[in-house]
There are 2 protein chains.
Amino acid sequence: MVMTAPLADDDLLALRLRALAHPARLAILRALAAGGKCQCGHIVRGLSLAQSTVSQHLKVLKEAGLIAGTIEGPRSCYGIDREAVASLAREIGPLLEHFAAEPPACATRTPDARESALV
Amino acid sequence: MVMTAPLADDDLLALRLRALAHPARLAILRALAAGGKCQCGHIVRGLSLAQSTVSQHLKVLKEAGLIAGTIEGPRSCYGIDREAVASLAREIGPLLEHFAAEPPACATRTPDARESALV
DNA sequence: ATCGTTTATCGTCGATGGACGATGAGGGCA
DNA sequence: TGCCCTCATCGTCCATCGACGATAAACGAT
């Protein structure tokens, strides 16, 4: 049931999508998924970004719940929160499919708008 | 530079995700998917946002290719570009699943704490 | 204890986003 | 023809983002 109600649900979803919607963050997730790059410095070297910038991106991803950081001392070990990412996938997938589903009215894609009985 | 994955693909993907990553835009897509709300004014009334703001969001969605606008005269008829949305779904789904896939081990340090630090 | 390494945080700066009101164009309709 | 309705665009304002350098904290090693 997709309610048209603009709940805080959308805010949360938008937050996570926003965390995802940045090339550097995508690259970080890619690096983490590829493995062997759990330390901040490794990602920094792979991305040619300042260390503080990468740290900031890591923070964004962490606040979005997409990754989990195990910081213990001088080193840190970041890892993708697989459950969270899978959950997001389960949320965004059906949503997009719903968006792409069949339209009830109003000439979805007609070049010529022939709107007559709209509402 | 083992695997930076420096693809401009990420830029494009980030662009579309960014277009998606806003509550108002999600609401607009929801309204469009629900049907019968293809005119700007309808969405405006449903969202309690200024008309210009909604128009701006529509523009963002259109520039991201997620919707198509059929503007002819005083009325406009927006519709979800279902092919584009489906394409995005086909792109983001496997990507997230890839992120959520097998953990290749954090070889560098391997502190037992690997999944926690939820703070 | 001191040094070196690694990382998070702070402060700053420019750019962008998001919201609004006002304006103007484009057609319907009386 | 003139009025009204609808929508896109412009200009503005404030907030946030994204990037950076600099700094400080936490630990291992010497």
Side-chain angles (χ1 to χ4, degrees), chain A residues 6 10-11 14-28 31-32 36-64 67-79 106 112-119, chain B residues 10-11 14-28 31-32 36-64 67-79 106 108-111 113 117 119:
Chain A
D10 275 0
D11 288 335
L15 183 81
R16 289 183 287 173
L17 284 176
R18 188 173 201 75
L20 220 56
H22 195 286
R25 251 114 60 184
L26 284 175
I28 288 176
L32 288 178
K37 296 255 192 170
C38 39
Q39 289 191 22
C40 179
H42 296 166
I43 304 173
V44 168
R45 267 164 237 126
L47 287 188
S48 68
L49 277 177
Q51 177 265 327
S52 56
T53 303
V54 171
S55 191
Q56 195 69 18
H57 283 307
L58 286 170
K59 186 180 179 182
V60 171
L61 287 170
K62 184 160 60 176
E63 283 179 353
I67 67 176
T70 303
I71 153 183
E72 73 163 73
R75 280 160 224 284
S76 65
C77 182
Y78 281 100
C106 184
D112 297 335
R114 33 174 62 259
E115 69 297 277
S116 37
L118 267 185
V119 173
Chain B
D10 276 359
D11 288 334
L15 182 81
R16 288 184 286 173
L17 285 176
R18 188 174 201 77
L20 221 56
H22 195 285
R25 251 115 62 184
L26 285 176
I28 288 176
L32 287 179
K37 296 254 193 169
C38 40
Q39 289 191 23
C40 180
H42 295 168
I43 304 172
V44 168
R45 279 182 275 284
L47 285 188
S48 70
L49 277 177
Q51 178 265 327
S52 55
T53 304
V54 172
S55 191
Q56 196 69 19
H57 283 307
L58 286 169
K59 185 180 180 184
V60 171
L61 286 170
K62 185 160 59 176
E63 283 179 352
I67 68 175
T70 303
I71 152 185
E72 90 161 56
R75 283 162 222 285
S76 65
C77 182
Y78 282 100
C106 177
T108 345
R109 179 115 161 86
T110 72
V119 180

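Values reported hereafter were calculated over all heavy atoms of this structure, with side chains retained and with hydrogens, waters and symmetry mates removed.
Computed from coordinates, the Ile67(A) CD1 to dA8(C) C1' distance equals 13 Å when rounded to whole Å. Regarding Ile43(A), its CD1 atom lies at a distance of 14 Å from the C1' atom of dA8(C), rounded to whole Å. A straight line from CG of Leu61(B) to P of dC7(D) spans 16 Å, rounded to a whole angstrom. Following rounding to the nearest Å, His42(A) (NE2) and dT5(C) (P) show an atom-to-atom distance of 14 Å. Between the P atom of dA8(C) and the CD1 atom of Ile28(A) lies a distance of 11 Å, rounded to the nearest Å. Between the C1' atom of dG24(C) and the CD atom of Gln51(B) lies a distance of 12 Å, rounded to the nearest Å. Between the OH atom of Tyr78(A) and the P atom of dT6(C) there is a distance of 15 Å, rounded to whole Å. Rounded to an integer number of Å, the gap from CD of Gln39(A) to C1' of dG28(D) is 13 Å.
Distances from the side chain of Cys40(A) to the nucleotides dT9(C), dA8(C), dT9(D) place dA8(C) closest. Of the candidate nucleotides dG21(C), dA8(C), dA8(D), dG21(C) has the atom nearest to the side chain of Ser52(B).
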Using nucleotides 15-19 of chain C, report all nitrogen or oxygen pairs with the protein that are shorter than 3.5 Å.
{"residue": "dG18(C)", "atom": "OP2", "partner": "Arg25(B)", "partner atom": "NH1", "Å": "3.1"}
{"residue": "dA19(C)", "atom": "OP2", "partner": "His57(B)", "partner atom": "NE2", "Å": "2.4"}

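Residues Ser76(B) and Cys40(B) come closest through the heavy atom pair OG-N, 4.0 Å. In this structure, Ala27(B) and Leu47(B) approach most closely via the heavy-atom pair CB-CD2, 3.5 Å.
Going from atom CG of Leu32(A) over to atom CG of Leu61(A) covers 8.0 Å, rounded to the nearest 0.5 Å. The line from CG of Leu26(B) to CG of Leu17(A) is 6.5 Å long, rounded to the nearest 0.5 Å. Going from atom NZ of Lys59(B) over to atom NZ of Lys62(B) covers 8.5 Å, rounded to the nearest 0.5 Å.
Under 4.0 angstrom from either OP1 or OP2 of dT7(C) there lies at least one side-chain N or O belonging to Ser76(A).
Here the rule is side-chain contact (heavy atoms from CB on, under 4.5 Å) with Ile28(A), and of Ile67(A), Ile43(A), Leu49(A), Val44(A) only Ile43(A) fits it.
Under the 4.5 Å side-chain criterion, counting only non-hydrogen atoms from C-beta, Ser55(A) is in contact with Gln51(A).
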